[in-house]
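So that the names make sense, note that chain A is the first sequence line, chain B the second, and so on, each numbered from 1.
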Amino acid sequence: MSKSDGKSARIATPQAIRGTQDIFGAEAEAFAFVVETFERVRKLYRFRPAQMPVFEKTAVFSRSLGETTDVVSKEMYSFDDRGGESLTLRPEFTAGIARAYLTNGWQQYAPVKIATHGPLFRYERPQKGRYRQFHQLDAEIIGAGEPLADVELLCMADQLLGELGIKDGVTLMLNTLGDGASREAWRAALIEYFEAHRPDLSEDSQERLRKNPLRILDSKDSRDHAFLGEAPRIDDFLSGEAQDFFGAVTGGLDAAGVAWTRAPALVRGLDYYRHTAFEFVTDRLGAQGTVLGGGRYDGLIETLGGAPTPAVGWAAGIERLAMLVGGEVARDPLQVVIAVEDDDSIGVAQRGLSALRRADLSSELVASGSPRKRFDKALKMQPRLVISASDQSLARRLLVGGNDDPTLVDRVESALMDVE
RNA sequence: GCGAUCGUAGCUCAGUUGGUUAGAGCGCCGGUUUGUGGUACCGGAGGUCGUGGGUUCAAGACCCAUCGAUCGCCCCA
């Protein structure tokens, strides 16, 4: 076969799907750090681990999120399976957890604190910190109607951000949407108010007026800003109970030493939210400012056919948290490298490598390339200790670094005791 | 779904108003040197210039389309 034939037979490498990511290197270290930190904090707050399927019957999401929301109407990955049933890759955690709570009888554990994390899917235009397959941390308390639950969740979120070392520049924006009656009265007043100014609103907000009037409040269009100051405020529609509830939440946060800022225009995109709504926001991620968000969703379980059940929860984008953590995450240090400086010593090197790893010492072997360059190659890997394998022994050792853990040498010696 | 910017070795980038065989640094591989806190020198491999059309005697460069990335809008974590 000629050379040109070989070229024409070349196989094209399939591309990754738009909006998906291959995470490696520093990004992967940061990602893992976020998940590990979440797991640790999760245990401190005694949230129970749970795993839900990545796909559900489409109704799980369409019913709970509302048919008209953008998420349901144009952002879901839905498909028919071989049996003709419409399934959907989960665009969020909450609906699936609520479904699992009902179908598995988790009521018996109520109030139950659940934490999970994993991939979510939304068909959106990708940009910084926003992907079609993205990953979230999630914490929920189901079956608890007390403001104490809201406070616990917020404390947990605050501590998580603290332990990730990213609290600088991140603020907790807090609001209440009131109970169902408060929320509806406020919503009606907002519609009436904005309807009167309809012709002067931006095109987007005219559309919002029809689909999601609360969202006009955080419009970025300057044409809308003139009307926001005079707009009806939720505080004027709160029932006594709703006021007390919010007061208990803010009081609890103050007692716990969690800083917060009242954000009267903060609303939730999804209809099932009541009472507490919150977002931890930053100005360091461009348009994707929300780093963690959630609230109380007392109405959700009913929309899935369950008994009225109070619940609160939050979710946080792992990619966004990882970006804030940035390059501050170091890889786990490499403890030992064995440089095989002549090929006759490969056997003793392999025996030594196994012994080191069984002794819980992270180790690598350098046995390829020019033998004379292997020691330099080992040094370049920045281990704590380099062992030279030559003349069929592991005799020569070099500690790398000034402030070494003296026990490392002892551990290596005892691990290698039977090798030579 | 809308608008804008950008796609050249593994990575970061250069490539003049279109003009021979597309370059550099880093990284990788090999040789020599050094003989151990990351040496120095020499050599080598590696590119359908995102992809497909078009204009032209001639396209990495210009035009169109497409795919992807980035930054906004929308939406949302």
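At the phosphate of B:C73, OP1 or OP2 sits under 4.0 Å from a side-chain N or O atom of A:Lys220. Taking 4.0 angstrom as the limit, A:Arg208 places a side-chain polar atom (N or O) nearer than this to OP1 or OP2 of B:C74.
For the pair A:Leu292 CG and B:C76 C1', the computed distance is 14 Å after rounding to whole Å. In this structure, A:Arg215 atom CZ and B:C74 atom C1' are separated by 11 Å, rounded to whole Å.
Each of A:Thr261, A:Leu174, A:Asn175 was compared with A:Leu266 under the side-chain contact (heavy atoms from CB on, under 4.5 Å) criterion, and only A:Asn175 meets it.
Distance from the side chain of A:Phe375 is smallest to B:U36 among B:U70, B:C75, B:U36. Among B:U33, B:C75, B:C73, the nucleotide with an atom closest to any side-chain atom of A:Arg372 is B:U33. Considering only the side chain of A:Asp204, B:C73 comes nearest among B:C73, B:U39, B:G35.
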Might you list the N or O atoms of the protein lying below 3.5 Å from N or O atoms in nucleotides 65-69 of chain B, with each pair's distance?
unit_1: B:C67; atom_1: O2'; unit_2: A:Gln15; atom_2: OE1; d: 2.9
unit_1: B:A69; atom_1: OP1; unit_2: A:Gly19; atom_2: N; d: 3.0
unit_1: B:A69; atom_1: OP2; unit_2: A:Arg18; atom_2: NH1; d: 3.0

Review item, nucleotides 26-30 of chain B N/O atoms under 3.5 Å of protein N/O:
unit_1: B:C29; atom_1: OP1; unit_2: A:Lys377; atom_2: NZ; d: 3.4
unit_1: B:G30; atom_1: OP1; unit_2: A:Ser370; atom_2: N; d: 3.0

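Nucleotides B:U8 and B:A24 place their C1' atoms 13 Å apart, quoted to the nearest Å.
Taking 4.0 Å as the cut-off between side-chain N and carboxylate O, A:Glu203 and A:Arg223 count as a salt-bridged pair.
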Secondary structure of RNA chain B per the Watson-Crick/G-U criterion (both distances under 3.5 Å; [ ] crossing, | other strand, . unpaired) is (((((((..((((.....[...)))).(((((.......))))).....(((((..]....))))))))))))....

